[in-house]
Amino acid sequence: MNLEAELRAIDVEWPQTPQLELVLEPSRRRDRRPLVVAIVLAVAALAAALAVPQSRGAILRIFHLGGATVKVVDTLPRADARPLTAGLGPVISLDSARRLLPGLLVPPLDTVPPLHYGSGNVVSVVFERDGHPVLLSELPGGGGVYLKKLASGGSRIEPVRVQGDEGLWISGGRHVVYFPYRSPRLAGNVLLWETGSTTYRLEGPHLTRDEAVSLAESLRRG
Amino acid sequence: MEGRPHEPAPRERELALRAQGGDARAYEELVRPHQEIAFRVAYVITRNAADAEDATQEGLVKAWRALKRFRTGEPMRPWLLRIVANEARNRRRSTRRREQLVLRAAESSGEAAPSPEDAALRAAERARLLDALDRLPEPAREVLTCRFLLDLSEEETAAALDVRRGTVKSRTARALDRLKESYEPRG
């Protein structure tokens, strides 16, 4: 009995290789502007992936909204509950944030000054709303996959409108958010919407859908 | 048998140089042929498709960031496999899951069988062999899976398992002995 040959002869049914999304930053040597390039690797169509039993168990539905991708999976990947500010990059001044992203949305003034963070070309601001922290991230450049979120089957995903623009409201069950180059973390209720070529993400654990939409519609460019 | 060339193809070398210069498209083209094997190696280590996907994704992004350390005269595949497999091990350690490796033999292995009965018998034997493989201790299972089911070279197996090439040789020999003890073909 030649076990090597026996093993080599087995035609294993491997799980379907998934469609991978790589968020890559170009080398600084080549281009010093902070810029995020999203590359979707592999050409396996989603329909084909969903048709394969092994992958059907992993990805149940998928949504794209501008720079964001939402995948509904039956098993959440490992992620920790971390502060809203985790993985947002360094704190930057409002002027720096404006330079990174002209036309930045400005949160309503409150007693606590908002803090801006920059990572790649993603600009985030954390501010207070009724005593609770809220995170707003702006992802310019439509079409690219800038972050990946995974919602368990228990999460609700509802289409919403923000001043007429398309959006998604994700609430209920836990989900996981990935920012480029950062460890994933568990996320609370989130509103995603797209205006022009910019994708916005508003996260506030205490926000209801109507409050989130109302807050989003109150934001002005500054 | 080590049939894989140790020199990278000219095209791979060119893509690696362009990618090192910051060309993301070149990197995409460079790693695309290795994506499937990287995912499968990660799957063998994590035993979970979702973790394997995350490990592969994270590993390929890390490889991009570390690309300047890659020596363009070397083949890309072992280097990538080392990074992805390392990510997979990190995930396995943190999740502490012990799942069944759901490897199954495909119904049609591509070889002609003399009769349907013979084909069924052969399929049953292979399923038993996979079962015996899965019951081996982890280092033995991994080395045999990499070498014979994934058809990795010794160099690639050493990179994926983060051991020396000599260790791959000795571990393979011992693992085959153990597998022989636990697997007795019928008929």
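Here is how names work: the chains are called A, B, and so on, in the same order as the sequence lines, proteins then strands, and each is numbered from 1. Computed from heavy atoms alone, side chains included, the values below leave out hydrogens, waters and symmetry copies. Since we're looking at a predicted model, the values are computed, not measured.
- Inter-residue side-chain proximity for B/L130 and A/L7 is flagged as unmet; no heavy-atom pair is nearer than 4.5 Å.
- With rounding to the nearest 0.5 Å, the separation of CZ in B/F148 from CD in A/E4 is 3.5 Å.
- Note that CD of A/E6 is 11.5 Å distant from NZ of B/K180, once rounded to the nearest 0.5 Å.
- Atom CD1 of A/I10 is separated from atom CG of B/L129 by 4.0 Å, given to the nearest 0.5 angstrom.
- Residues B/R147 and A/R8 share a closest heavy-atom pair of O-NH1, 3.7 Å.
- B/R11 CZ: more than 12 foreign heavy atoms inside a 6.0 Å radius.
- Surrounding CZ of B/R164 are at most 12 heavy atoms belonging to other residues, nucleotides or ligands under 6.0 Å away.
- Nearest heavy atom pair, residue A/Q16 against residue B/F39, reads O-CE2, 3.7 Å.
- The CG atom of A/L3 sits 6.0 Å away from the CG atom of B/L176 when rounded to the nearest 0.5 Å.
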Exercise. For the pair B/L150 and A/W14, evaluate side-chain contact (heavy atoms from CB on, under 4.5 Å) and give the outcome as yes or no after the intermediate values.
Key: CA-CA 10 Å; B/L150 291 173; A/W14 294 101; 3.4 Å; yes
